[in-house]
Every structure is written in C-alpha cells, then in structure tokens.
Amino acid sequence: MSTADPRVEAFYARPVQEVAAALLGCTLAHAGCSGRIVEVESYHEEEPACHAFGGQTPRTAVLFGAPGLAYVYRSYGIHALINAVAEADGVGAAVLIRALEPIEGIEEMRARRGLERPEDLCSGPGKLTQALGIGLDLNGAALTDGPVRILPAAGRPAEPVAGPRIGITRAVELPWRICDATSRCVSRPWPQAMRRRRAA
DNA sequence: CATGGGATTGACT
DNA sequence: GTCAATCCCATGC
C-alpha cells in the first residue's frame with residue numbers, strides 16, 4: 001500500500017493531518033544521523049497559522065510545491081525548521097517535524113548540540129535540525145529520494161496524543177499537534193494526556 | 001530602502 | 001516565570 005510508505009510521493013498526497021499521523025514512528029535520516037519521529041504539527045493554507053495562509057510568496061513557494069518535498073525555513077533568525085510538504089501540488093500544506101528520538105549518529109548529534117543526554121538532542125524543532133545538520137540549503141529537496149529522507153515506521157507502535165500547536169498566535173484552538181505518548185523525547189510543554197502517563 | 005515580525009532556544013531572575 | 005539573540009523576507013514609504 002503506497003500511502004503507508006513515506007518513500008513514495010503518494011504517501012504525502014493526502015490530507016495533511018492524515019500525513020502527520022502517518023509520520024509518527026517513521027525515521028528521519030540525514031548524513032548518517034537518524035531518529036524516530038515522535039512529534040509533529042500540521043499546517044494548511046486555509047488556517048492563519050500557516051505560512052501559506054494568504055497566498056504564495058518566494059519564501060513559501062516550496063510549501064505549494066509537490067508533495068514529499070522538504071520545506072526548510074529559518075525561525076527567529078536562528079533555527080532551521082523542517083517540514084514535509086503534503087497534499088496536492090499547488091496546495092500549501094505541510095507537516096512540521098517537532099521532535100525525534102535519536103537512533104543513529106548519537107555521538108555526532110552530541111558534538112553538534114554540545115549536550116550529552118539523548119533526550120535533549122532532538123526534543124524540539126530547532127534542536128533536531130541542529131543535531132542532524134539540516135540547513136536551509138535542503139529547502140525544496142525531495143524527502144522520498146534526497147539527502148534528507150523519511151523511512152517507514154519500525155519498532156514499537158506509536159501512541160498518538162493530540163493537542164494545540166506550540167509557539168503560534170493564530171488558530172491556537174486547532175488540536176493539530178500530535179505526540180507519541182511512548183516517547184520521552186517530546187518537546188515541552190507535554191500534552192495534558194501525556195502528563196499522567198508514563199513515557200517509556 | 002527601512003522596518004517589523006516570527007511554527008525557538010537557552011540563560012537568567 | 002521572563003527575555004534577548006539573530007536573519008530572512010513581507011510589507012510599506
């Protein structure tokens with residue numbers, strides 16, 4: 001089934017929230033470093049928190065591009081954040097990758113981050129791009145077949161928990177953040193549903 | 001051409 | 001809890 005495999009474009013060519021849910025548990029890999037995706041957020045051109053809201057600009061062109069592309073942009077002048085472009089070509093929608101559980105290349109991640117604890121290496125959208133060495137040069141690259149790739153879910157199954165998105169000022173009511181309750185590498189604040197639960 | 005605003009993080013009170 | 005760092009780009013004169 002093609003929609004279960006993030007190595008094909010069809011995986012991304014469906015409603016963005018469906019793509020977001022399917023990405024939990026998948027592996028994000030770049031240059032020998034990789035991690036299990038444990039937190040994501042959906043963004044869509046029809047809601048005002050999305051960069052694509054209000055139309056296409058040079059900055060957001062990739063968001064409107066083919067499904068399966070990487071949309072990488074600079075946040076607060078400091079951090080690079082990576083998204084997986086979703087839905088049909090021409091529709092501005094993407095899934096922000098917010099946290100990973102480190103799998104491969106942990107020593108390299110420690111060196112890039114200047115930290116030791118595995119749960120501190122990729123537990124935030126700006127942290128994981130720094131840990132994996134993902135920069136703005138990867139904006140527009142194909143996640144299906146490029147330097148940054150997303151591989152099928154493996155290992156333990158994810159336990160999805162939804163909540164409001166982080167760090168936005170508009171459309172704050174939409175529960176478009178999804179975390180894997182089985183991971184301790186999720187960024188803060190933890191969703192309500194995770195606080196009473198024991199993360200593995 | 002000048003200005004303002006972030007899909008964040010880490011340091012500090 | 002508060003707050004500054006720092007850069008790309010959208011908007012407006």
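Predicted, not measured: the structure shown is a model, and the values here were computed from it. Protein chains get the first letters and strands the later ones, always in sequence-line order, with residue 1 at the start of each.
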So what is the 5' to 3' dot-bracket string for DNA chain B, if pairs are Watson-Crick or G-U wobble with both distances under 3.5 Å, crossing pairs use [ ] and | means the partner sits on another strand? ||||||.|||||.
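Through direct or relayed side-chain contacts under 4.5 Å between Ile, Leu, Val, Met, Phe, Trp and Tyr, A/Tyr43 connects to A/Val62, A/Leu63, A/Phe64, A/Leu69, A/Tyr71, A/Tyr73, A/Leu81, A/Val85, A/Leu96, A/Ile168, A/Val172.
One atom, CZ of A/Arg170, and another, P of B/dG6, lie 9 Å apart when rounded to the nearest Å. As a whole-Å value, the separation of A/Arg165 CZ from B/dG6 P is 14 Å.
Near DNA chain C, defined here as any heavy-atom distance below 4.0 Å, there are no residues from residues 12-31 of chain A.
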What does nucleotides 7-13 of chain B look like as a protein-contact string, B for base, S for sugar-phosphate only, - for none, at under 4.0 angstrom between heavy atoms? BBSS---
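Scanning for salt bridge (charged side-chain N to carboxylate O under 4.0 Å, His left out) contacts around A/Arg98 gives A/Glu39, A/Glu41, with sequence neighbours left out.
Counting heavy atoms from C-beta outward, A/Pro152 and A/Pro6 have side chains that approach closer than 4.5 Å. Considering only heavy atoms from C-beta on, A/Glu47 comes within 4.5 Å of A/Leu174 through its side chain. Two residues are said to be in side-chain contact when any heavy atoms from C-beta on lie closer than 4.5 Å; A/Glu104 and A/Cys33 fail this criterion. Side-chain contact between A/Arg74 and A/His79: absent, with no pair of heavy atoms (C-beta onward) separated by less than 4.5 Å.
No donor-acceptor pair under 3.5 Å is formed between the side chain of A/His51 and the backbone N or O of A/Thr60.
Of all heavy-atom pairs spanning A/Pro67 and A/Glu87, the tightest one is CB-O, 3.2 Å. Smallest separation of non-hydrogen atoms from A/Ala131 and A/Cys122: CB-SG, 3.8 Å.
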Side-chain polar contacts of residues 139-151 of chain A - donor-acceptor pairs under 3.5 angstrom, sequence neighbours left out - could you list them?
| unit_1 | atom_1 | unit_2 | atom_2 | d |
| --- | --- | --- | --- | --- |
| A/Asn139 | OD1 | A/Val72 | N | 2.9 |
| A/Asp145 | OD1 | A/Arg149 | NH2 | 3.3 |
| A/Arg149 | NE | A/Gly146 | O | 2.9 |

